[in-house]
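Note sheet for the following structure.
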Amino acid sequence: MASILPLLKRFGISFVYVTAFGLIINAFLWMVFMITSMLYYKTSKQTISLQVFINKSEQKELKKNGIHLSGDSIGGGYYGTVYKGYRKSETTSKLQAMAIKVIDVQKYHKILMQINEIDYKSLSDVFNKSVVTLEKIQNNKIPKIEKLLKISAKDNEIKKLIIVSVMADMNLNDFISQQKPDGLDEDWTRLWFTDICEAVHCLHNVYKIAHKNIKPENILLYTGDQTTNTKTSYVVRLADSGIASLFPNSAKVYSKTDPICVMSSLESFSTKPMAKDIYSLGIILLVLLRGDLSKFVLNNKPLAIFANIFYKFIEDIESQSLKELLESMTSSAPNARPNIHTVLKHKWLQNIS
Ligand SMILES: Nc1ncnc2c1ncn2[C@@H]1O[C@H](COP(=O)(O)OP(=O)(O)OP(=O)(O)O)[C@@H](O)[C@H]1O
C-alpha cells in the first residue's frame, strides 16, 4: 500500500498535466480554426459575390469567334471580372493576347436593387440603351471592342456580357508603382494626361455619357513592339469606357479601401456624373505628377487624413497654372469644376505659361 500511494500521486500529477496540456492544445486549435474560417468566409464572400465566371458553353461561343480563354482572371471588381485570352491572327498566325471582361448583368442588377432601391424595369431600360451606345463607341484613345457577346436568358433578357479587347501591357497603377514611384516630369504628364482627357472628351461630348470609374487601373498602356521606356513608347487608352453607363447614375457601389479609389469616388455620381469624372481626372493628374500616392498613406488611415495630404500636394505645386487647373478640377462644388472641353483648352495643357 505504501508503495502504491506515491505511484498514484505521481500518476495523479501527470494526469493533471496531461489534461491541462490537452485543454490548452484544444483551445489553441479551436482558435486557429475559428480565425481561418473567419478569414476564409470574409475573402470567399468578397470573391463569390463579385467574381463572374465564364462557363463551358460561353467558352465555346468565344471559340466560335476565334477567341480562346487561356488563363486566370487578371482582376475584377463591381463591373465584372477580366480574364486572359488570346486569338490567332488570320494573316500571320501569330497569337495576340486578349482581355476578356465578363459582366453578370443579372447578378449586378440584383446587388443594385438591394442597395439602391431601384426597380428592375428602370435598371434594364438604362442597361439596354447603354449597350447600344457601348457597341458604337469608337475612338483612338479608347480600347477597341474586338468582340461583344450578349448571353441571353430564356426570356431574352441579357444575363451576361462578354467584352473582348486587346490586352494592354500594363495599367497606369502598375507602371507608376513599378517604374516611376515619384511620378513623371511635367512634359510627360502633359502628354499622357492629354490622351486621357481626349478619351473623356469623346465620351462626354460625342456619346453624351460619363465614364464614372476613372482610376489608374483603368488607364491602359500599350507598348507595341517597343522596348524603350520613354513617354512616347506607350500608347495610352482609357479602359472601361461606357461600362459604368450600363448602370444608372444613382447606383452607389463603391467600397474600396484604396485611398486613390476612395478619393475618386468620394461623391456619388447621382447628380453630376460628368463633374465627378473631372474630379477623378484631377486625381489622375496628381498621380501622374507625384507618383504612387498610396505610399504616403496607410490604407486604413481615416479619409480626412488622406484628403489633407492630397490638398497639401496641390498646395506645394510650383507652376501656378498647373496648380490652378488641379484646384479647379478637384473643387468640392461640382458646378465650379471646368468641363472637359475647358480642361483640354487650359493653358497648362496647351503649354502656354
Ligand atoms: N484590355 C485590357 N488589358 C489589360 N488589362 C486590362 C484590360 N482591361 C482591363 N484590364 C485590367 O483588369 C483589371 C480588372 O479590371 P476591372 O475594370 O474589371 O476591375 P476593377 O477596375 O479592378 O474594379 P471595378 O470594376 O470595381 O472598378 C484592372 O486591373 C485592369 O487594369
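Along the sequence shown, residues are numbered consecutively beginning with 1. Indexing begins at 1, ligand by ligand and atom by atom, following the structure's order.
For atom 8 (N) of ligand 1, the candidate residues are Leu220, Asn171, Asn213; the nearest heavy-atom contact is made by Leu220. Considering each of Ala97, Ala244, Ala168, Pro216, the one bringing a non-hydrogen atom nearest atom 4 (C) of ligand 1 is Ala168.
Annotation for Tyr83 and Gln51: closest pair OH-NE2, 3.4 Å, computed over non-hydrogen atoms.
In this model, no donor atom of one side chain and acceptor atom of the other lie less than 3.5 Å apart for Lys215 and Asn173. No side-chain donor from either of His68 and Gln59 sits under 3.5 Å from a side-chain acceptor of the other. For the residue pair Thr133 and Ser130, no side-chain donor N or O sits within less than 3.5 Å of a side-chain acceptor on the partner.
Under the salt bridge (Lys or Arg N to Asp or Glu O under 4.0 Å) criterion, Lys63 pairs with no residue, sequence neighbours left out.
Lys121 and Asp125 are joined by a salt bridge, as a carboxylate oxygen and a charged side-chain nitrogen come within less than 4.0 angstrom of each other.
Set against the non-hydrogen atoms of Ala99, the atoms of ligand 1 under 4.0 Å away are 1 (N), 2 (C), 3 (N), 7 (C). Listed by number with element, the atoms of ligand 1 under 4.0 Å from a non-hydrogen atom of Gly75 are 14 (C). If you number the atoms of ligand 1 from 1 as listed, the ones under 4.0 Å from a heavy atom of Asp240 come out as 17 (O). Proximity to Asn218 (heavy-atom distance under 4.0 Å) selects the following atoms of ligand 1: 17 (O), 21 (O). Of all atoms in ligand 1, numbered sequentially from 1 with element shown, those under 4.0 Å from a heavy atom of Val166 are 1 (N). Under a 4.0 Å criterion applied to the non-hydrogen atoms of Ser165, ligand 1 contributes the atoms 1 (N). Here is the list of ligand 1 atoms found below 4.0 Å of a heavy atom in Met167: 3 (N), 4 (C). Applying the 4.0 Å criterion to heavy atoms of Lys101 picks out, from ligand 1, the atoms 16 (P), 17 (O), 18 (O).
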List the atom pairs, with distances to 0.1 Å, where a side-chain N or O of residues 188-206 and a protein N or O form a donor-acceptor pair under 3.5 Å, not counting sequence neighbours.
from   : atom 1 : to     : atom 2 : distance (Å)
Thr189 : OG1    : Asp185 : O      : 2.9
Arg190 : NE     : Trp348 : O      : 2.7
Arg190 : NH1    : Asp187 : OD1    : 2.8
Arg190 : NH2    : Asn351 : OD1    : 3.3
Trp192 : NE1    : Lys231 : O      : 3.1
Thr194 : OG1    : Arg190 : O      : 2.5
Asp195 : OD1    : Lys141 : NZ     : 3.3
Glu198 : OE1    : Lys141 : NZ     : 2.7
His201 : NE2    : Asn205 : ND2    : 2.9
His204 : NE2    : Asp277 : OD2    : 2.8

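Contact between Ile243 and ligand 1 is absent, with no heavy atom of the residue lying under 4.0 Å from the ligand. Using a non-hydrogen distance threshold of 4.0 Å, Gly80 registers as a contact of ligand 1. Ligand 1 has at least one atom lying under 4.0 Å from a heavy atom of Lys215.
The cationic group of Arg237 lies under 6.0 Å from the six-membered ring centre of Tyr222 and within 45° of the ring axis, placing it in a cation-pi geometry.
In summary, of the residues considered (Ile145, Ile100, Asp240), a side chain to side chain contact (heavy atoms under 4.5 Å, CB included) with Ile163 occurs for Ile145 alone.
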